[in-house]
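Single-structure report; data block below.
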Amino acid sequence: MKFSNFFIPTLKENPSDARIVSHILMLKSGMIRQETSGIYSWLPLGYRVLKKIIKIIEDLHELYEVNQILMPTIQSSEIWKKSGRYDTYGKEMLRINDRHSKELLYGPTNEEMITALGKQHIKSYKSLPQYFYHIQSKFRDEIRPRFGVMRAREFLMKDAYSFDINENEGVKTYYRFFRLYLKIFKSMGIPIVPVRALSGEIGGSLSHEFHLIVDSGESEIFLDKSILESDLEKLKDEDLKNLNSFTDEYYKNNKISIKLEKFRSIELGHIFLFGDKYSKSFDFNIEYENKKLTPFMGSYGIGISRIPAAIIEHSSDERGILWPEEVSPFEVVIINLINDSDETNKVSNDLYQNLKSKNIDVIYDDRNERPGIKFSDSDLIGIPIQIIIGKNLINDGNVTLKFRKDGKEINLTNDKVLDIIIKKLKNNK
RNA sequence: CGGGGAGUAGCGCAGCCUGGUAGCGCAUCUGUUUUGGGAACAGAGGGUCGCAGGUUCAAAUCCUGUCUCCCCGACCA
């Protein structure tokens with residue numbers, strides 16, 4: 001993408017409505033636009049980040065043999081009456097009537113719908129286990145939306161659901177998703193911490209949340225610091241179960257007496273093993289060894305649209321955002337400082353075309369703007385690698401490779417840049 | 001829902017107390033000069049002052065109602 005064609009309404013001044021750094025930077029960098037309280041449009045820059053996150057989630061769910069589907073955002077009240085949650089869910093649920101006065105709702109989650117789907121189509125125990133997921137907008141009518149997309153009312157969520165023949169198998173599936181989650185966040189460059197949690201509204205016995213530790217986080221967690229350094233993917237199910245890390249709620253309710261450290265954090269994922277709560281209320285039964293079997297279920301959520309904000313909370317400086325390469329809207333930005341030089345134009349353009357042909361996400365700042373503006377925009381939007389092309393090219397045939405995170409600069413002849421960037425990005429993949 | 005704050009040009013704000021018909025910075029447009037860290041000068045365009053009603057010769061300003069947004073608290077990915 002050329003910067004001159006890229007729609008990116010950046011702001012020079014801090015928006016008056018934003019308080020926390022991620023909200024400020026997302027508005028300033030033109031990632032999002034508020035439509036009304038707690039409801040946002042994703043503009044090109046923001047949507048690119050979102051799509052990177054979605055791609056990682058999709059690829060890894062595919063790797064874990066989870067079926068991707070797409071359920072509707074609008075649901076009928078009937079299935080919610082069946083589970084009993086139409087009454088208990090409360091005002092968080094946005095209820096709508098259609099022209100025939102039929103009661104509809106904008107789904108806050110999909111346990112009921114997936115259970116109805118399972119009941120209709122899963123007819124034999126031999127087809128279990130079954131795993132499904134989808135990525136879709138949800139609506140929860142929060143009492144007070146805040147912090148931009150961090151606590152929005154409409155938000156994008158990945159929610160997966162599992163059906164197993166019994167609790168034993170359900171627990172295996174649960175830890176399968178647990179590991180999948182560790183892998184997903186690792187692939188996004190996010191140091192995630194799993195914590196034992198209460199199940200809340202969804203119900204059930206086993207539940208974990210996946211948190212990112214940041215000082216501005218809304219949640220509080222208690223944990224044994226050694227967890228932060230250990231490679232959790234290598235642990236056995238049993239060890240994952242016994243990790244010393246808890247949500248504050250769980251910590252207090254269960255009167256945990258071990259000495260643990262308290263951190264502020266953002267919840268990015270939540271998994272539940274809730275058993276037959278929904279399959280039972282839907283009368284979802286399968287024949288098994290001449291008896292009835294009620295599938296054992298779990299659900300596994302990731303708050304996708306919250307992730308970009310969480311990453312920014314975790315990683316920014318006074319100039320702007322610092323994206324991890326894995327989710328950065330672009331991997332490389334080419335900054336051409338001299339717009340009316342044939343030489344810099346040619347080198348910039350060639351490099352741009354070459355990087356694109358190697359499938360590297362590159363944005364080329366070809367605007368007729370002053371250097372200061374180009375530098376500050378690049379820093380603001382947080383692209384990890386900058387290639388600066390200007391005077392040095394004309395004088396010495398050099399371009400400058402600059403890393404957003406530490407500001408380190410390397411001068412190279414322009415024929416070497418391509419190889420070095422390709423090598424660097426490949427090493428991290 | 002309780003408590004607080006705010007709606008004036010695309011963005012950030014002043015003006016309101018003490019009514020006299022709207023201003024500043026940034027952005028935008030034109031021109032000239034600039035160009036390795038948010039340029040300078042000259043000129044130009046842009047506003048139903050959130051909305052409705054009232055008071056008044058006259059309302060951004062006073063009064064009443066209403067809508068929206070933000071912040072603090074209880075709820076949540």
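Here the structure is a predicted model, which is why all the values come from computation and not from measurement. In what follows, chains carry the letters A, B, and so on, assigned in the order in which the sequence lines appear, proteins first and then strands, with residues in each chain numbered from 1.
- When the C1' atom of C70(B) is taken as reference, atom CG of Asp17(A) falls 5 Å away, rounded to whole Å.
- Pairing for G2(B) goes to C72(B), judged as Watson-Crick or G-U wobble with the two contacts each under 3.5 Å.
- Residue Ala197(A) is out of contact with every strand shown, counting any heavy-atom pair closer than 4.0 Å.
- Side-chain proximity of His270(A) to A77(B), C75(B), C69(B): nearest is A77(B).
- Side chains of Gln386(A) and Asp379(A): a donor on one and an acceptor on the other come within 3.5 Å.
- Within 4.0 Å of Arg146(A), counting heavy atoms only, lies at least one base atom of the nucleic acid.
- Taking atom CZ of Arg19(A) as the reference point, atom P of C69(B) lies 15 Å away to the nearest angstrom.
- Using a cut-off of 4.0 Å between Lys/Arg side-chain N and Asp/Glu carboxylate O, Lys52(A) and Asp361(A) are scored as salt-bridged.
- One interatomic measurement links the two molecules: CD1 of Ile20(A) to P of C71(B), which rounds to 9 Å at whole-angstrom precision.
- For the pair Ser16(A) and A6(B), the criterion of a side-chain N or O lying under 4.0 Å from OP1 or OP2 is not met.
- A 3.5 Å limit on both hydrogen-bonding distances identifies G50(B) as the Watson-Crick or G-U partner of U66(B).
- Across the protein-nucleic acid pair, Glu249(A) atom CD and A74(B) atom C1' stand 13 Å apart, rounded to whole Å.
- Taking Lys82(A) as the reference, nothing meets the salt bridge (charged side-chain N to carboxylate O under 4.0 Å, His left out) condition, with sequence neighbours excluded.
- Taking atom CG of residue Leu27(A) and atom P of nucleotide G12(B), one finds them 10 Å apart after rounding to whole Å.
- Nucleotide C29(B) forms a pair with G43(B), judged by Watson-Crick or G-U wobble geometry with both contacts under 3.5 Å.
- Note: NZ (Lys91(A)) to C1' (C75(B)) measures 12 Å, nearest angstrom.
- In summary, the side chains of Glu112(A) and Ser83(A) do present a donor paired with an acceptor at a separation below 3.5 Å, with no hydrogens or angles considered.
- Across all strands shown, C16(B) has no partner, as no Watson-Crick or G-U wobble contact with both distances under 3.5 Å is found.
- Tyr300(A) and Arg176(A) form no side-chain donor-acceptor contact under 3.5 Å, judged by distance and modelled atom types alone.
- For the pair Thr36(A) and C69(B), the criterion of a side-chain N or O lying under 4.0 Å from OP1 or OP2 is met.
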Assign a letter to each nucleotide of nucleotides 32-43 of chain B from its 5' end: B, base within under 4.0 Å of a protein heavy atom; S, sugar-phosphate only; -, no contact. --BSBBBB----

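- With RNA chain B read from its 5' end, the first of the two nearest nucleotides for Glu13(A) and Arg144(A) is the one closest to Glu13(A).
- The phosphate of A77(B) (OP1 or OP2) has no side-chain N or O of Arg151(A) nearer than 4.0 angstrom.
- Across every strand in view, A22(B) sits unpaired, with no contact that passes the Watson-Crick or G-U test at under 3.5 angstrom.
- Rounded to whole angstrom, the span from the CG atom of Leu212(A) across to the P atom of A77(B) amounts to 17 Å.
- In a base pair of the Watson-Crick type (N1 to N3 plus N6-O4 or O6-N4) or a G-U wobble (N1-O2 and O6-N3), with each distance short of 3.5 Å, U55(B) is matched with no nucleotide.
- Within the nucleic acid shown, Gln34(A) comes within 4.0 Å of sugar-phosphate atoms alone, with no base atom in reach, counting heavy atoms only.
- A salt bridge links Lys402(A) to Glu409(A): one of the charged nitrogens lies within less than 4.0 Å of a carboxylate oxygen.
- Using a 4.0 Å heavy-atom criterion, one finds that Glu267(A) contacts the sugar-phosphate atoms exclusively.
- When both pairing distances are held under 3.5 Å, A60(B) makes no Watson-Crick or G-U pair with any nucleotide shown.
- Spacing between atom CZ of Phe155(A) and atom C1' of C75(B) amounts to 13 Å, rounded to whole angstrom units.
- Comment: Asp215(A) does not engage Arg264(A) in a salt bridge, judged by the lack of any side-chain N to carboxylate O separation of less than 4.0 angstrom.
- For the 3.5 Å distance criterion, the side chains of Glu111(A) and Thr109(A) qualify, holding a donor opposite an acceptor.
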